[in-house]
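Order of listing sets the numbers, starting from 1, for every ligand and every atom in it. Just so you know, these numbers use all the heavy atoms, side chains as well, and skip hydrogens, waters and symmetry mates.
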Amino acid sequence: MNNLIIKNAAQLVTCSGFAARAGADMADPGTINDGALLIDDGLISAVGRTDEVLAGITEQDSLVIDASGKAALPGFVDSHTHFIFGGYREEEFCLRLSGTGYMEIMARGGGIASTVAATRKASLSELVDSGRARLDSMLSFGVTTVEGKSGYGLDHDTEIRQLEAMKILDREHPVDIAGTFLGAHALPVEYKGKSDAFLDFLMAKVLPEVAKKELAEFCDIFCEKNVFSLSQSRRFLRKAKELGLKLKLHADEIVQLGGAELAAELEAVSADHLLNASDHGIEQMAQAGVVATLLPITAFSLKEDYARAREMIDKNVAVALATDLNPGSCFSGSVPLLFALATLSMGLTPEEAVCAMTINGAAALDRADSVGSLDVGKKGDAIILEFPSYRFLPYHLGVNIVEKVIKDGKLVFDKTQGGRLA
Ligand code: NIG
Ligand code: FE
């Protein structure tokens with residue numbers, strides 16, 4: 001069967017649009033009561049009220065899902081993760097619980113460096129296997145598109161291996177993956193004290209290959225005090241742009257360096273973290289149309305103050321939310337936790353949070369033309385909740401209420417049938 005019909009949905013949440021929703025445009029995701037959705041050969045072919053959509057349609061050749069009493073939404077887009085890695089850092093988590101800072105652990109040679117050591121030892125098939133399990137978990141939360149970064153190799157072979165693992169998973173797993181080259185994530189031990197030389201190496205020996213073989217769509221850098229400076233980030237990202245990669249930045253996470261301003265200057269697709277973005281940076285992002293990707297679970301896990309989401313939206317920035325799943329600062333891909341923190345701790349409304357996880361997540365991956373909303377022509381990526389309204393996403397605190405996930409018009413996850421379907 002190549003067609004799928006969702007009918008009688010108590011609420012069809014469309015998040016309609018083909019570009020980022022900025023500021024006040026996030027206030028209403030758009031809902032249709034008693035809604036229906038038609039998916040034909042993987043693409044959405046009709047959206048509307050059930051009686052209108054089903055008029056003249058034969059249901060015989062389609063998988064029909066009756067969503068009475070339930071809400072249907074676009075699949076979530078988790079636009080910032082580091083889900084390909086080796087090893088874990090539970091000891092470091094305990095150190096942080098007892099007061100040691102994240103950057104302090106990094107300065108002592110732990111943190112990212114410890115995951116780099118473990119990832120360098122991991123084979124391609126080990127990275128694929130652990131990545132696959134993490135994708136299964138994301139899918140169960142309703143995520144149908146995810147971004148994943150390299151950055152735990154910091155050498156030619158491991159960086160390429162991480163990106164290849166994502167290419168393999170993109171082909172074999174229902175979740176779509178947008179790959180990001182984050183070779184400039186930290187300084188590897190072999191380049192201690194030589195950060196410019198390390199960036200030269202990446203720009204000469206890794207970045208051109210990544211671009212030529214199309215191993216990644218985006219290039220990112222950890223622009224942070226004691227990691228890569230603003231001018232180093234500018235130099236590196238300019239080169240990446242020249243080679244045809246789209247840009248992202250880990251910006252103003254721990255220290256206010258002007259990362260938000262740099263993202264605007266370079267017309268990056270998104271600037272991420274932004275816990276310490278300046279007023280000026282926020283204005284510049286609004287003007288340049290840079291998506292602000294906020295990562296509340298990371299702030300929570302690092303016990304840092306949250307990014308100023310409310311002010312950003314009020315200043316007409318397009319805000320996206322993402323998990324930042326990684327083995328260090330934020331070992332969580334939990335969408336329910338994300339909704340809880342975004343609404344209860346950052347002041348987003350449930351409506352804004354829904355837009356931030358759908359259409360704006362898609363825009364943060366430059367994919368607002370193909371995913372992130374229930375619009376005719378887009379991929380048939382949708383989720384059905386166990387409850388009649390999207391408002392249950394934050395309200396049912398910390399609980400996964402996703403019942404079904406449809407990817408490219410195929411039912412791939414169904415809690416009522418035991419979870420992931422073959
Ligand atoms: O987005 N801030 C830098 N990078 C990651 C954390 C990486 C790690 O701790 O392994 C982040 O928080
Ligand atoms: Fe990150």
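Annotation: cation-pi pair K149/F85 absent, no NZ/CZ under 6.0 Å from the ring centroid and within 45° of its normal.
Note on ligand 1: T115 sits outside its first shell, no heavy atom being nearer than 4.0 Å. The shortest heavy-atom distance from M106 to ligand 1 is not under 4.0 Å.
Side-chain atoms of H156 and E209 form a donor-acceptor pair, as typed in the model, at a separation below 3.5 Å. In this model, a donor atom of one side chain and an acceptor atom of the other lie less than 3.5 Å apart for Q232 and S195.
Side-chain contact between V371 and T144 is absent, with no heavy atoms from C-beta onward closer than 4.5 Å.
Here the Fe ion (ligand 2) has protein N, O or S atoms under 2.8 Å from it, and they come to 4.
The distance between the ring centers of F331 and Y88 falls below 6.0 angstrom.
Atoms of ligand 1 found under 4.0 Å from any heavy atom of H82, numbered from 1 in the order shown, are 1 (O), 4 (N), 5 (C), 11 (C). Listed by atom number, the atoms of ligand 1 under 4.0 Å from H80 heavy atoms are 1 (O). Which parts of ligand 1 touch E253 is read off a 4.0 Å heavy-atom cut-off, strictly below it: atoms 2 (N), 3 (C), 12 (O).
Counting heavy atoms under 4.0 Å from ligand 1, residue H250 touches it through the side chain alone. Only the side chain of Y102 comes within contact range of ligand 1, with a heavy atom under 4.0 Å; no backbone atom does.
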Identify each donor-acceptor pair in which a side-chain atom of residues 174-188 lies under 3.5 Å from a protein atom, sequence neighbours left out, and give them as a table.
residue : atom : partner : partner atom : Å
D176    : OD2  : K379    : NZ           : 3.0
D176    : OD2  : K407    : NZ           : 2.9
T180    : OG1  : E147    : OE2          : 2.6
H185    : ND1  : G151    : O            : 3.0

Step-by-step side chain to side chain donor-acceptor pair (under 3.5 Å) determination, E351 to Y390:
CA-CA 8 Å; E351 290 71 24; Y390 63 82; 2.5 Å; yes
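Among all protein heavy atoms, the one lying closest to atom 11 (C) of ligand 1 is D324 OD2, 3.3 Å. When only non-hydrogen protein atoms are considered, atom 4 (N) of ligand 1 lies nearest to H185 NE2, 2.8 Å. Of all protein heavy atoms, the one closest to atom 12 (O) of ligand 1 is S329 OG, 2.6 Å. Closest protein heavy atom to atom 7 (C) of ligand 1: Y152 OH, 3.3 Å. Annotation: atom 1 (O) of ligand 1 to nearest protein heavy atom, H273 NE2, 2.8 Å.
Ring orientation note: the planes of H82 and H80 are tilted relative to one another, at an angle of 30° to 60°.
A donor-acceptor pair is defined here as one N or O able to donate and one able to accept, closer than 3.5 Å; such a pair exists between the side chain of R161 and the backbone of A122. Of the possible polar contacts, none joining the R367 side chain to the G372 backbone as a donor-acceptor pair under 3.5 Å is found.
Just one residue in the list F76, F141, F392 forms a ring-ring contact (aromatic ring centres under 6.0 Å, His included) with F339, and that residue is F76.
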